Amino acid sequence: MSELTADRVAELHRALLDLRKAQTRLTRVEAALRRLTKGDYGWCVECEEEIGIDRLRAQPEAPFCLSCQASREGKGS
């Protein structure tokens with residue numbers, strides 16, 4: 001069995017972060033598919049306004065329009 005070095009710990013930590021990021025994206029994609037099935041895909045789940053096509057092209061699983069996303073991140077006016 002190999003020794004657990006600082007480099008190996010850092011590598012494992014990065015892998016865990018990548019896994020969590022992938023799990024989060026999968027959850028968002030599954031939610032987007034449910035919205036698609038219900039006929040709600042492409043509409044902001046917060047303000048119910050249409051999500052811009054450029055945003056959906058860049059992030060098809062986006063549940064919020066840019067304005068609501070910015071507000072949620074504390075960047076809104």
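Remember, it's a predicted structure, so these values are computed and weren't measured experimentally.
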Exercise. What's the spacing between L12 CG and D7 CG if we round to 0.5 Å?
Worked result: 11.0 Å
For this session: First locate atom CG of L66, then atom OG of S71, and finally report the distance between them rounded to the nearest 0.5 Å.
Result: 11.0 Å
For this session: May I ask you to test the C65-R55 pair for a side-chain heavy-atom distance under 4.5 Å?
Result: no
Show me, pair by pair, the donor-acceptor contacts under 3.5 angstrom made by side chains of residues 34-49, not counting sequence neighbours?
| from | atom 1 | to | atom 2 | distance (Å) |
| --- | --- | --- | --- | --- |
| R35 | NH2 | E61 | O | 3.3 |
| T37 | OG1 | L33 | O | 3.0 |
| Y41 | OH | P60 | O | 2.6 |
| E46 | OE1 | R72 | NH1 | 3.3 |

For this session: Check salt bridge (Lys or Arg N to Asp or Glu O under 4.0 Å) between E11 and all other residues, then give those that pass, not counting sequence neighbours.
Result: R8
For this session: Applying side-chain contact (heavy atoms from CB on, under 4.5 Å), run through K21 and R25 and close with a yes or a no.
Result: CA-CA 6 Å; K21 184 177 179 181; R25 180 131 196 241; 5.9 Å; no
Exercise. Just how far is it from atom CG of L26 to atom CG of L19, taken to the nearest 0.5 Å?
Worked result: 10.5 Å
Problem set entry | Partners meeting salt bridge (Lys or Arg N to Asp or Glu O under 4.0 Å) with D54 (sequence neighbours left out) | R57
